[in-house]
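A short write-up of the structure that comes next.
Reminder, nothing fancy here: chain letters follow the sequence lines and each chain counts from 1.
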Number of protein chains: 2
Amino acid sequence: MPRPSQNTDQQLVEAARDLMRSAGISQLNLRQVAKKAGVNLGMFHYHFKTKEAFTRRVLQETYDKFFQEFTLESSKDGETLGQLRGALVALGKFAVRNRRMFLAILHDVLNKDKVVLDFVKTNIPRHGEVIVGLVRKCQKEGSLRKMPLSSVMPFLMGTNALPAMMLSMMEHLEIKRVRFIPLKLIAFEIASEKAIENRVDLALSALRPLTIQSKSRRGR
Amino acid sequence: MPRPSQNTDQQLVEAARDLMRSAGISQLNLRQVAKKAGVNLGMFHYHFKTKEAFTRRVLQETYDKFFQEFTLESSKDGETLGQLRGALVALGKFAVRNRRMFLAILHDVLNKDKVVLDFVKTNIPRHGEVIVGLVRKCQKEGSLRKMPLSSVMPFLMGTNALPAMMLSMMEHLEIKRVRFIPLKLIAFEIASEKAIENRVDLALSALRPLTIQSKSRRGR
DNA sequence: CCAATAATTATACGGTCGTATAATAATTAA
DNA sequence: TTAATTATTATACGACCGTATAATTATTGG
């Protein structure tokens, strides 16, 4: 018996997600969103009351799937070092492939958005624990040198996370070339599977025992 | 014969630099800056005309001090590998010490703040070039393995940049502990000079020639 | 002391933004 | 057809921000 809804709430959310990709959630402009969605400005108050509630819903829909998508299921068989390598490569590939999303998350984290914060706080540790466990096991087995985790972990995490972020940021800023080299080429060299694996091997080789210095396992 | 200046321009710049550290340039509020400086709002227009001109000056003064430090520490004499190590350590210390500001700048970059973007685009390459030059020289001299720069550079840059960023972000989010370990302790282990040097040595050792595997130079 | 000059203050203009609300439109059960 | 209910529109309020300006203050050479 009421007037039927035209799902303006969903239209607004989707328009916002589009705009978010280029500008970030922090500088989302409600009038702009409404215009893009072809929906009246007043619908924000009708559906969501406040901007915070609205952005919460936008972020919810954006990040929900993203975080569930990635699970570090390390294969239980093989050497522990090989397992660690596999986990790091998987993490690296995921980071590189979803680099734009990572940058967006970073952006939202810096804006102290509560929704994103909750996601990050619950999801990052989960993956971290897997890596930590494997590193410890390797250290006990002697395949990695004994070093404090506070040194090892940031080092390992940085090997692929930072290249992915740097690349994503350059793309974000639409930088055309670095040192006269086209970004496209650099992107390939940074984001290729081989490059990701190489960086992991590079990092692991640095952590191996000093006595038996050798290349860490190569090839896929 | 005129009324003497109370250097309100400088007071404003310094107040802004303080505020910038916590929130970044992009969300700098002129009324807030004026209040912190104890200077009248109108002085902005008197001294700088526009906000953009003001933030440009703020950034300039902030950066100039940094660059002086960097060039000083990375141009000492000795082996090329030692120079590279010095430059990386200087950069690392710099990144770790000013991690809060780095995060703020990152925030501004993501917000596509025009002033900050101009700055980053013109100044970051300068630091990169120094490192690139040293890496190449090391590779020619044989103290580093020959590898494509596109692999080496992100790897080297990541060793200290990411730990610094991770730490700063955790502080930013007021995370109290990681894996039951107080953040203060972790901060010390990540940000100490020794830790910074260790990470550089770790990274460099991974890049050394495979035949003559040895620890990269230690000590300060 | 006075005129000239530069620095500082108080205040407001115009714009943008999130929010709010009264009026109106569309639908269906009765 | 009408009453009831929900959705949508047009519009405005109030706060904030960068910018602008007229008035006021402090200083010094003549």
Side-chain angles (χ1 to χ4, degrees), chain A residues 1-20 22-60 107-108 110-116, chain B residues 1-20 22-60 104 107-108 110-119:
Chain A
M1 90 186 66
R3 177 175 179 176
S5 170
Q6 292 172 41
N7 297 321
T8 49
D9 56 338
Q10 202 55 35
Q11 289 175 252
L12 288 171
V13 169
E14 273 155 30
R17 292 216 298 168
D18 257 25
L19 291 171
M20 210 187 78
S22 55
I25 196 96
S26 58
Q27 40 198 46
L28 211 55
N29 180 306
L30 294 190
R31 280 173 174 80
Q32 194 184 345
V33 174
K35 190 175 180 183
K36 184 178 178 77
V39 169
N40 191 280
L41 176 66
M43 297 315 282
F44 281 111
H45 183 254
Y46 182 72
H47 285 301
F48 308 101
K49 295 285 180 249
T50 69
K51 184 184 186 182
E52 187 185 327
F54 174 66
T55 54
R56 187 170 304 263
R57 166 99 170 263
V58 172
L59 290 173
Q60 189 85 30
H107 196 172
D108 295 329
L110 287 175
N111 281 318
K112 293 199 183 188
D113 184 282
K114 280 180 196 163
V115 183
V116 186
Chain B
M1 100 184 58
R3 177 176 178 176
S5 171
Q6 293 171 42
N7 298 321
T8 49
D9 56 337
Q10 203 56 34
Q11 290 174 251
L12 287 172
V13 168
E14 273 155 29
R17 293 210 311 176
D18 258 25
L19 291 171
M20 201 190 87
S22 53
I25 284 241
S26 52
Q27 41 198 52
L28 214 53
N29 179 306
L30 294 190
R31 280 175 173 80
Q32 193 185 346
V33 174
K35 189 174 179 182
K36 184 178 179 77
V39 169
N40 190 279
L41 176 66
M43 298 312 282
F44 282 110
H45 184 254
Y46 183 74
H47 285 300
F48 308 102
K49 295 284 181 251
T50 68
K51 183 185 185 181
E52 186 182 321
F54 173 66
T55 53
R56 185 160 276 128
R57 164 102 171 260
V58 171
L59 209 55
Q60 186 76 43
H107 195 176
D108 295 327
L110 288 174
N111 278 327
K112 296 197 183 187
D113 183 283
K114 196 178 162 237
V115 181
V116 176
L117 268 176
D118 283 350
F119 247 89

Under 3.5 Å, is there a donor-acceptor pair linking the side chains of A:His47 and A:Thr8?
->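 Yes - a donor-acceptor pair under 3.5 Å links their side chains.
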Using distance alone, with no hydrogens and no angle criterion, decide if B:Asn111 and B:Ser26 have a side-chain donor and acceptor under 3.5 Å apart.
->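 Yes, side-chain donor-acceptor contact under 3.5 Å.
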Return the polar atom pairs (N/O with N/O) between nucleotides 23-25 of chain D and the protein under 3.5 Å, or none.
from   : atom 1 : to     : atom 2 : distance (Å)
D:dT25 : O2     : B:Arg3 : NH1    : 2.7

Quick check: do [X] and [Y] have side-chain heavy atoms less than 4.5 Å from each other?
X        : Y       : result
A:Leu28  : A:Val33 : yes
A:Val39  : A:Phe44 : no
B:Gln10  : B:Arg57 : yes
B:Asp118 : B:Arg56 : yes

Does A:His45 have a side-chain nitrogen or oxygen under 4.0 Å from the phosphate oxygens OP1 or OP2 of C:dA20?
->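 For A:His45, the contact criterion (side-chain N or O under 4.0 Å from OP1 or OP2 of C:dA20) is met.
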Of all heavy-atom pairs between A:Phe54 and A:Ala16, which one has the smallest distance, and what is that distance?
-> CZ-CB, 3.6 Å
What are the two closest non-hydrogen atoms of B:Asn29 and B:Arg31, and how far apart are they?
-> OD1-N, 2.8 Å
In whole angstroms, how far is the [atom2] atom of [N] from the [atom1] atom of [X]?
X       : N      : atom1 : atom2 : result
A:Met43 : C:dT19 : CE    : P     : 16 Å
A:Leu12 : D:dT9  : CG    : C1'   : 14 Å
A:Asn40 : C:dA22 : CG    : P     : 16 Å
B:Phe54 : D:dT19 : CZ    : P     : 11 Å

N/O to N/O distances under 3.5 Å, protein versus nucleotides 13-18 of chain C:
from   : atom 1 : to      : atom 2 : distance (Å)
C:dC17 : OP1    : A:Asn29 : ND2    : 2.3
C:dC17 : OP2    : A:Asn29 : ND2    : 3.1
C:dC17 : O5'    : A:Asn29 : ND2    : 2.9
C:dG18 : OP1    : A:Leu28 : O      : 3.2
C:dG18 : OP1    : A:Lys51 : NZ     : 2.7
C:dG18 : OP2    : A:Leu30 : N      : 3.0
C:dG18 : N7     : A:Arg31 : NH1    : 2.8
C:dG18 : O6     : A:Arg31 : NH2    : 2.9

